[in-house]
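This report concerns only the one structure given below.
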Amino acid sequence: MNKLIKIIITLAIVMTGLVISGCTDSEPAPQQQFDHNLPVVPVAVDVTIGEALADPYAHETIRVTGIVNQTINVTGYTYMEITDSTGSLWVAGYSTQQDNGTEITATGNLNIEFTSPTMGRTFDIILFADSISGGNTSVSNSPHGSGTIMTGDINVTPVDGGTRIEDIKSMSAQLDGQVVKVSAMVVKNVVLIDEYFLTLDDGTGQLKARCPNTFNVSQGDSVVVTGSVMTDVDLGSGYDYEVLLQIIDVE
């Protein structure tokens with residue numbers, strides 16, 4: 001009897017092992033793959049002007065709607081004061097024509113104590129707009145979009161051995177994966193978690209670029225960057241780029 005019990009127990013152990021083995025041999029459920037090197041795309045949060053003024057650090061990217069009170073045009077940019085029932089806010093974006101009294105919606109990031117040398121004044125809080133819609137027109141200079149090409153007021157001298165932005169874009173297929181050097185002005189700088197998302201302009205066109213935050217780069221800087229050309233880049237959430245520069249060095 002004891003021998004029979006031992007045989008039964010042994011068979012049970014063997015069968016259990018086969019069942020477990022069969023489970024582990026099955027194909028695992030597919031898992032979504034993430035590229036942690038891609039920048040985190042900030043999501044715009046709808047706020048009133050009063051909420052933006054009360055806590056400018058609450059959200060990385062905001063969207064506000066207001067009535068245009070006044071506009072001031074400077075080279076390449078337009079400053080607008082907008083109001084809603086909760087307060088007034090200055091907005092800065094690429095050149096646009098907006099009549100006083102029209103309603104616009106601006107999306108972007110707030111900046112504190114921003115000094116405009118052109119205007120000769122400091123704004124306590126100002127919204128740098130990635131996009132402005134409504135009113136008389138709709139413009140976008142989002143760092144994640146195609147942007148508005150500004151070439152009239154920027155003319156950067158090319159560096160020896162450098163490549164012009166218009167050539168990078170026109171020859172992107174041949175330059176894909178190649179390292180290039182570009183002399184340009186930083187016309188937009190979006191600060192992300194571990195890198196900057198830049199818009200570079202050399203007077204021949206604009207180019208989006210990812211830059212590690214180990215480099216000190218600010219909007220308005222004239223820089224010489226070295227980077228790898230990437231084509232057909234999909235960052236998710238609808239942000240696709242025909243050409244993107246991955247910066248590896250900044251001079």
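Not measured: the values here are computed from a predicted model.
- Between the side chain of Asp202 and the main chain of Arg164, no donor-acceptor pair closer than 3.5 Å is present.
- To the nearest 0.5 Å, the span separating CD on Glu242 from NZ on Lys208 amounts to 12.5 Å.
- By the side chain to side chain contact (heavy atoms under 4.5 Å, CB included) test, Ile248 is found to be paired with Val179, Thr226, residues two or more places apart in sequence or in another chain being considered.
- Counting only residues at least two apart or on different chains, no ring pair (Phe, Tyr, Trp, His ring centres under 6.0 Å) pair has a member in residues 156-178.
- Note: the hydrophobic cluster containing Val91 also contains Val45 (ILVMFWY, side chain heavy atoms under 4.5 Å, direct or indirect links).
- Checked against ring pair (Phe, Tyr, Trp, His ring centres under 6.0 Å), Phe123 has the following partners two or more places apart in sequence or in another chain: Tyr79, Trp90.
- Within 6.0 Å of atom CD in Gln70, more than 12 heavy atoms from other residues, nucleotides or ligands are found, so the atom counts as buried in its surroundings.
- In this structure Asp232 satisfies the salt bridge (charged side-chain N to carboxylate O under 4.0 Å, His left out) test with no other residue, sequence neighbours excluded.
- For Asn69, the side chain to side chain contact (heavy atoms under 4.5 Å, CB included) criterion is met by Glu81, Thr83, not counting sequence neighbours.
- Contact between Met80 and Val68 at its shortest, heavy atoms only, is SD-CG2, 4.5 Å.
- The line from CG of Leu89 to CG of Asp84 is 9.0 Å long, rounded to the nearest 0.5 Å.
- The shortest heavy-atom contact between Ile49 and Thr86 is N-OG1, 3.4 Å.
- Applying the salt bridge (Lys or Arg N to Asp or Glu O under 4.0 Å) definition to pairs two or more places apart or across chains, those involving residues 172-183 are Lys181-Glu251.
- For Ser85, the side chain to side chain donor-acceptor pair (under 3.5 Å) test picks out no residue, with sequence neighbours left out.
- Within the 4.5 Å cutoff, the side chain of Thr78 has no heavy atoms near those of the Gln98 side chain.
- For the residue pair Leu127 and Gly108, the shortest heavy atom distance occurs at CD1-C, 3.5 Å.
- Criterion: ILVMFWY side-chain heavy atoms under 4.5 Å apart, direct or through other members. Under it, Val250 and Val224 are not part of a common hydrophobic cluster.
- Within the 4.5 Å cutoff, side-chain heavy atoms of Leu244 are placed close to those of Arg210.
- Under the side chain to side chain contact (heavy atoms under 4.5 Å, CB included) criterion, Gln174 pairs with Met171, not counting sequence neighbours.
- To the nearest 0.5 Å, atom CD1 of residue Ile125 and atom CD1 of residue Ile112 are 4.5 Å apart.
- The side chain to side chain donor-acceptor pair (under 3.5 Å) check on Ser218 picks up nothing, with sequence neighbours excluded.
- Between Thr122 and Glu113, some side-chain heavy-atom pair lies under the 4.5 Å cut-off.
- Hydrophobic clustering places Ile62 together with Leu53 (ILVMFWY residues linked when any side-chain heavy atoms are closer than 4.5 Å, directly or through intermediates).
- Using a 4.5 Å cut-off between side-chain heavy atoms of Ile, Leu, Val, Met, Phe, Trp and Tyr, with links allowed through other members, Leu175 and Val159 fall into different hydrophobic clusters.
- Partners of Ser170 according to the side chain to side chain contact (heavy atoms under 4.5 Å, CB included) rule, which considers only residues two or more places apart in sequence or in another chain, are Asp167.
- Of all non-hydrogen atoms in Cys211 and Val217, the two that sit nearest each other are SG-CG2, 4.1 Å.
- Residues meeting the side chain to side chain donor-acceptor pair (under 3.5 Å) test with Asn100, sequence neighbours left out: none.
- Of the inter-residue distances, the one linking Thr65 atom OG1 with Ile82 atom CD1 reads 7.5 Å to the nearest 0.5 angstrom.
- By the criterion of side-chain heavy atoms lying less than 4.5 angstrom apart, applied directly or through intervening Ile, Leu, Val, Met, Phe, Trp or Tyr residues, Ile72 is grouped together with Ile126 in one hydrophobic cluster.
- Between the CG atom of Asp221 and the CG atom of Asn189 there is a distance of 8.5 Å, given to the nearest 0.5 Å.
- When every heavy atom of Pro212 is checked against every heavy atom of Ile247, the shortest pair comes out as CD-O, 3.4 Å.
- With sequence neighbours left out, the ring pair (Phe, Tyr, Trp, His ring centres under 6.0 Å) criterion links Phe114 to Phe128.
- Two residues are said to be in side-chain contact when any heavy atoms from C-beta on lie closer than 4.5 Å; Leu110 and Tyr57 fail this criterion.
- With rounding to the nearest 0.5 angstrom, the CG atom of Asn155 is 10.0 Å from the CG atom of Asp201.
- For Gly227 against Leu245, the heavy-atom pair with the smallest separation is C-CD1, 3.5 Å.
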Pair Val187, Leu200 - check side chain to side chain contact (heavy atoms under 4.5 Å, CB included), show working. CA-CA 6 Å; Val187 297; Leu200 304 176; over 6 Å; no
